2 protein chains.
Amino acid sequence: MALEHAILVSLAERSGTGYELARRFDASIGNFWKASHQQIYKVLGRMEADGLVTSEVVAQDGRPDKKVYAITDAGRAELARFTTEPSAPEPLRSSFAVKLRALEHGDRDAILADVHRMRAHHTEKLAYYETSAERFYPDPDALDPADVGPYLVLRGGIIGEQTALSWCDEILERLEGRAPR
Amino acid sequence: MALEHAILVSLAERSGTGYELARRFDASIGNFWKASHQQIYKVLGRMEADGLVTSEVVAQDGRPDKKVYAITDAGRAELARFTTEPSAPEPLRSSFAVKLRALEHGDRDAILADVHRMRAHHTEKLAYYETSAERFYPDPDALDPADVGPYLVLRGGIIGEQTALSWCDEILERLEGRAPR
DNA sequence: AGTACATATGCAACCAGTTGCACAGCAACC
DNA sequence: GGTTGCTGTGCAACTGGTTGCATATGTACT
């Protein structure tokens, strides 16, 4: 149930509506834990029933009312408890790896096209992460203590994307018999 | 529904029982797509109803009967079709990243212990992959064409584990203020 | 006038996957 | 004699997550 904890982290940074959380998930935490707005609303409802968050309805003109959620003390305690839990080894699921294993049973050209598509995707993501790093943490040796966690997570994203890119290049080199690009 | 395709790949390599598939998943494909035996039996049942696989009951003495599954022509066609499908960008889910982001809201020592645990886990996995690589592909420049896909998948596993290790080291260096080990 | 997009919340139905259990027999160890 | 472990198949209940839809309003573009 890490979605619950991802929401708690996000609300600990600052309060917000379900809609806002969904967008934050698109941008930052969502790089490491995806969630749709439907699911966020559902989980927020359960979390409120469990006392981990509270909500306050705010009227707006020209726009629908919104429900601003805030973390409670119980929520903060649950978040702290969560950090003491050992992480289960992440079950890595890659349908692309399955496809690559099927190379001899499938369409080689289509798989190559897929690698090129993935390569472009990872290039874009890497650029996005690197821009974020420069913008938010221009001097990594002088980080605000509150930024250390988020910074290290971003670093994980960067080296992960670099590795994904290297893998694409290695595949292309071998399957196209030349250096990529 | 990539589990279906992972099973088809495995059965295309050779026929086997649900039980055997579950073990193969533990060892090879399972490094990139986990599945429990319960789920494999469930999916095999559906796949047989869909005509992608056939089964034959084999009696054994001293052991329970077993059902040996084999891929059909329809199964092979579906596998080929699958390879022409563009892969969706894998939604990466890391509860550890969520935990790391919660560094300032939780228990720093427990998180550090968790990093050490993960580091040990990735070290072990990397060693396992490297052993497999040496054993099955001692000469990567002279691969059997049928081995190219599986080899590249294994390479992905190796560089993924190396990256995970680097990330652990970077985290430890920053949080413990020294080089790891 | 019609379309699309952003804000904002939420239900219902479905699908994938996990957890826990049941049954069955043989082999090995203590 | 009892426990553990391997082979082998499978059901039932549950949880987490996806897909599709519904509703409401304002702005901007065509």
Side-chain angles (χ1 to χ4, degrees), chain A residues 1-8 15-27 29-30 32-50 52-69 82 87-95 98, chain B residues 1-8 15-27 29-30 32-50 53-69 82 88-95 98:
Chain A
M1 253 185 301
L3 173 56
E4 225 175 70
H5 300 113
I7 289 175
L8 286 175
S15 300
T17 66
Y19 188 80
E20 278 172 351
L21 282 169
R23 275 185 314 169
R24 281 190 227 169
F25 267 67
D26 276 347
I29 300 193
F32 311 96
W33 203 278
K34 288 264 166 253
S36 62
H37 79 267
Q38 289 90 337
Q39 210 199 335
I40 288 172
Y41 284 123
K42 208 196 297 187
V43 172
L44 276 173
R46 191 184 62 211
M47 288 168 76
E48 189 169 19
D50 292 345
L52 303 175
V53 298
T54 48
S55 70
E56 200 194 342
V57 176
V58 176
Q60 304 181 107
D61 46 45
R63 288 187 192 175
D65 291 359
K66 63 181 182 180
K67 263 165 95 175
V68 179
Y69 286 91
F82 164 69
S87 299
E90 317 286 354
L92 144 65
R93 293 202 153 156
S94 166
S95 63
V98 173
Chain B
M1 253 186 300
L3 173 56
E4 227 173 67
H5 300 113
I7 289 175
L8 287 175
S15 301
T17 67
Y19 188 80
E20 278 171 351
L21 282 170
R23 276 186 313 170
R24 282 190 227 168
F25 268 66
D26 275 348
I29 299 193
F32 312 96
W33 203 279
K34 287 263 167 254
S36 60
H37 78 268
Q38 290 90 337
Q39 209 199 335
I40 287 173
Y41 285 121
K42 208 194 299 186
V43 172
L44 276 173
R46 191 183 62 212
M47 287 169 77
E48 189 170 18
D50 292 346
V53 298
T54 47
S55 69
E56 199 195 342
V57 176
V58 176
Q60 304 181 108
D61 47 45
R63 289 189 191 174
D65 292 358
K66 61 181 182 179
K67 263 165 95 175
V68 178
Y69 286 91
F82 164 68
E90 317 287 353
L92 146 64
R93 290 198 156 160
S94 166
S95 64
V98 172

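Letters A, B, ... mirror the listed sequences (proteins, then strands); counts begin at 1. All values below come from the heavy atoms of this structure, side chains included, with hydrogens, waters and symmetry mates left out. This is a predicted model, so every value here is computed, not measured.
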What is the distance from [atom1] of [X] to [atom2] of [N], rounded to the nearest Å?
{"X": "A/Asp65", "N": "D/dT23", "atom1": "CG", "atom2": "P", "value": "18 Å"}
{"X": "A/Phe25", "N": "D/dG17", "atom1": "CZ", "atom2": "P", "value": "10 Å"}
{"X": "B/Gln38", "N": "D/dT15", "atom1": "CD", "atom2": "C1'", "value": "15 Å"}
{"X": "A/Lys66", "N": "C/dA8", "atom1": "NZ", "atom2": "P", "value": "5 Å"}
{"X": "A/Glu20", "N": "C/dT9", "atom1": "CD", "atom2": "P", "value": "8 Å"}
{"X": "A/His37", "N": "D/dG20", "atom1": "NE2", "atom2": "P", "value": "13 Å"}
{"X": "B/Leu44", "N": "D/dG8", "atom1": "CG", "atom2": "P", "value": "14 Å"}
{"X": "B/Gln60", "N": "D/dC6", "atom1": "CD", "atom2": "C1'", "value": "12 Å"}

N or O in side chain of [X] less than 4.0 angstrom from [N] OP1/OP2:
{"X": "B/Arg46", "N": "C/dC15", "result": "no"}
{"X": "B/Thr17", "N": "D/dT9", "result": "yes"}
{"X": "A/Arg93", "N": "C/dG17", "result": "yes"}
{"X": "A/Arg63", "N": "D/dT25", "result": "no"}
{"X": "A/Tyr41", "N": "C/dT9", "result": "yes"}
{"X": "B/Lys42", "N": "C/dT18", "result": "no"}
{"X": "A/Arg23", "N": "C/dT7", "result": "yes"}
{"X": "A/Gln39", "N": "D/dG17", "result": "yes"}

Shortest side-chain distance from [X], nucleotide among [options]:
{"X": "B/Pro64", "options": "C/dT18, D/dG8, C/dG10", "result": "D/dG8"}
{"X": "A/Ser36", "options": "D/dT18, D/dG10, C/dT18", "result": "D/dT18"}
{"X": "A/Tyr19", "options": "C/dG10, C/dA6, D/dT9", "result": "C/dA6"}

Closest non-hydrogen atom pair, B/Ala2 against B/Trp33: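 That would be CB-CH2, 3.6 Å.
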
Over all atoms of both residues, closest heavy-atom pair of A/Glu4 and A/Arg46: OE2-NH2, 2.8 Å

Residue B/Gln60 excluded, over 12 heavy atoms near CD under 6.0 Å: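 More than 12 heavy atoms, drawn from other residues, nucleotides or ligands, come within 6.0 Å of this atom.
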
Side chain to side chain, B/Leu44 and B/Leu21, heavy atoms closer than 4.5 Å: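 In short, these two side chains touch, coming nearer than 4.5 Å.
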
Pairwise distance OG1(A/Thr17) to NE2(A/His37) - rounded to 0.5 angstrom: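 If I round to the nearest 0.5 Å, the distance is 11.5 Å.
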
